[in-house]
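What follows is one structure encoded as structure tokens, with my remarks underneath.
Model, not experiment: these values are computed from the prediction.
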Number of protein chains: 2
Amino acid sequence: MTERRSFVRAGEETRRAALIDATLDLIAEGGPQAATVRAIALRAGVTPGLIRHYFDTKEDLVAAAHETLMNGLTEASAAQLDELPDDPLARLAGFVGNAVSPPVTDPRGVALWAASMQLVPRDSAMRAVHEATYLGFRGRLEDMICEALHAAGRPTQSSRALAIAGNALLDGLWIEAGALPGHFAPGELKSIAINAFSRLLELELPEG
Amino acid sequence: MTERRSFVRAGEETRRAALIDATLDLIAEGGPQAATVRAIALRAGVTPGLIRHYFDTKEDLVAAAHETLMNGLTEASAAQLDELPDDPLARLAGFVGNAVSPPVTDPRGVALWAASMQLVPRDSAMRAVHEATYLGFRGRLEDMICEALHAAGRPTQSSRALAIAGNALLDGLWIEAGALPGHFAPGELKSIAINAFSRLLELELPEG
DNA sequence: TTGGTAATTGTGCAAGTGTATAATTACTGC
DNA sequence: GCAGTAATTATACACTTGCACAATTACCAA
């Protein structure tokens, strides 16, 4: 009578990954409210009951999802460095431009970032990851700034302040691009970012 | 038998303010999930039904709460500017400095802002308020930038781009101040912000 | 081929959600 | 004082949520 749906046994790693992916997708699209057990299971091509088989509770699943998200972010921003040019000025300009252009600017990313941001004050593990990610990005930026200044024969003593300001500028532009899609013409933010960096460092960065 | 609880009629403004305060407190403490109609009413010393009497829907209440929060931050950034000399440069510097100093920088405010960012994708009322408050702050900043440039005898045609960049810079610094309290010395962000603006506008802003 | 096992499904439930609405009550103007 | 009115409460409802648990079924080993 009531025919059960057929299924395949997929093993622990596959299923956990699928559930985590579905969770991240849903949070990115509609915020945490949208990530219900039923919606997650549906998107993962699975039945709600299975979630409980791999995660003791839904909180555990969400926590695991955030962990993989953060790990992915750090890896992604590190990988992108190799493709930049060698010339310090062009390298910095490329880095800055990438940070405020697709695919880095993406409403999904901003929504996910906001969701995890909200856990930072309450969750010490989350705070540690946030700190490490932030300082890692800022450190890379500071290195590039130093190299660019050095190549132009300029002193580098205020690089910390410049990196903090530059990082804040990129963060803000990234958020605005993600939170208000359609408010900016394509390439407008990139141009704004590079021009702003040129003035911040008093250097001529190529817009490329 | 069933004795109704006694109450006092408090008038529209009082009640709306109380409900909004309760909403903000709850979201700050436990995220958007914690702000249920019952919890809000309890904290506001009121019955859940009353919410519907002052707000058509719960979404409206949350959006109104976000609006008062953001407008409060904008006003706090503009506070005490009148006491400054009537100099556009000093006014802009004061505004910039305020925006990245206590009480504007505050972990609670950042947490609330992050919480509302997760509501924006699904909640249309929230999206409208977000857009309006963002453009409101940026508009004020752009006005001040224009006045400062004009006072220095400089062209103002690129004020839009400068306002976008300046706003992003302030947003980023504000977020980091709230998310990583203790990472910056008192006054460090203010100094960084004013110096960065000086370079962005190619003007000498007083650090006050 | 056949059990055995664990992955997976389906159903049900108790608690919590936002909202609608009628019943009450405090205050206002006369 | 006294009606009228709007603020406030109380109750009910339809719906969603996370979770528990028994029933099933795909796969594996022998």
Side-chain angles (χ1 to χ4, degrees), chain A residues 1-27 29-66 115 119, chain B residues 1-24 26-27 29-66 115-116 118-119 122-126:
Chain A
M1 304 250 174
T2 55
E3 298 178 355
R4 286 202 158 206
R5 59 189 275 190
S6 67
F7 60 93
V8 287
R9 300 169 99 114
E12 178 155 355
E13 298 168 42
T14 311
R15 282 280 129 92
R16 290 179 71 100
L19 289 171
I20 286 176
D21 279 356
T23 304
L24 289 178
D25 278 355
L26 287 166
I27 293 179
E29 286 171 18
Q33 328 90 34
T36 68
V37 283
R38 286 167 179 79
I40 294 170
L42 181 66
R43 166 114 16 160
V46 148
T47 293
L50 194 62
I51 291 181
R52 271 275 303 174
H53 190 254
Y54 286 113
F55 298 92
D56 278 354
T57 176
K58 190 201 157 192
E59 271 192 18
D60 287 355
L61 167 55
V62 174
H66 273 120
L119 301 179
Chain B
M1 285 274 174
T2 54
E3 298 179 357
R4 286 203 158 205
R5 59 186 276 187
S6 66
F7 60 90
V8 287
R9 298 168 101 116
E12 178 154 353
E13 299 167 40
T14 311
R15 282 279 130 93
R16 289 178 72 99
L19 289 171
I20 286 175
D21 280 357
T23 304
L24 290 177
L26 286 167
I27 293 180
E29 287 171 17
Q33 329 87 28
T36 69
V37 283
R38 285 165 180 83
I40 294 170
L42 181 65
R43 165 112 20 157
V46 147
T47 290
L50 194 62
I51 291 180
R52 276 273 305 171
H53 190 254
Y54 286 113
F55 298 91
D56 278 354
T57 176
K58 191 201 157 192
E59 277 193 8
D60 287 353
L61 167 55
V62 174
H66 183 237
S116 36
Q118 3 182 346
L119 300 178
R122 271 278 169 95
D123 188 330
S124 61
M126 207 69 198

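- B/Glu12 and B/Tyr54 get closest at one heavy-atom pair: CA-CE2, 3.7 Å.
- Note: CG (B/Leu42) to C1' (D/dT9) measures 15 Å, nearest angstrom.
- With D/dT9, C/dG18, D/dC19 as the choices, the nucleotide that has an atom nearest any side-chain atom of A/Thr57 turns out to be D/dC19.
- B/Ala35 approaches B/Ile27 most closely through the heavy-atom pair CB-CG1, 3.7 Å.
- Atom pair B/Leu119:CG and C/dG18:P shows a separation of 12 Å (rounding to whole Å applied).
- Taking for each of B/Ser6 and B/Thr36 the nucleotide of DNA chain C with the nearest heavy atom, the 5'-most of the two is the partner of B/Thr36.
- Separating the CZ atom of A/Arg5 from the C1' atom of C/dT11 is a distance of 15 Å, rounded to the nearest angstrom.
- Contact check, B/Arg52 against C/dA20: a side-chain N or O comes under 4.0 Å of OP1 or OP2.
- Taking a 6.0 Å sphere around CG of A/Asp60, one finds it holds more than 12 heavy atoms contributed by other residues, nucleotides or ligands.
- A/Leu19 has its CG atom 13 Å from the P atom of D/dG18, to the nearest Å.
- D/dA7 atom C1' lies 14 Å from atom CZ of B/Arg16, rounded to whole Å.
- For the pair A/Phe55 and A/Ala64, the tightest heavy-atom approach, listed with the atom from each and the gap, is CE2-CB, 4.0 Å.
- In this entry the distance linking CG of B/Leu61 with C1' of C/dT19 reads 14 Å, nearest Å.
- From B/Leu19, atom CG reaches atom OG1 of B/Thr14 across 10.5 Å, with rounding to the nearest 0.5 Å.
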Expected string for nucleotides 2-8 of chain C under the B/S/- scheme (protein heavy atoms, under 4.0 Å, primed atoms plus P, OP1, OP2 as sugar-phosphate) is ---BBBB
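- At whole-Å resolution of the value, CD in A/Glu59 and C1' in D/dC19 are 13 Å apart.
- Across all non-hydrogen atoms, the minimal contact from B/Glu59 to B/Asp123 is OE1-OD1, 3.1 Å.
- Minimum interatomic distance between B/Ile51 and B/Leu61 (heavy atoms only, all atoms of both residues): CG2-CD2, 4.1 Å.
- Sequence order on DNA chain D of the closest nucleotides to A/Arg38 and A/Gly49 puts A/Arg38 first from the 5' end.
- For the pair A/Ile51 CD1 and C/dG10 P, the computed distance is 14 Å after rounding to whole Å.
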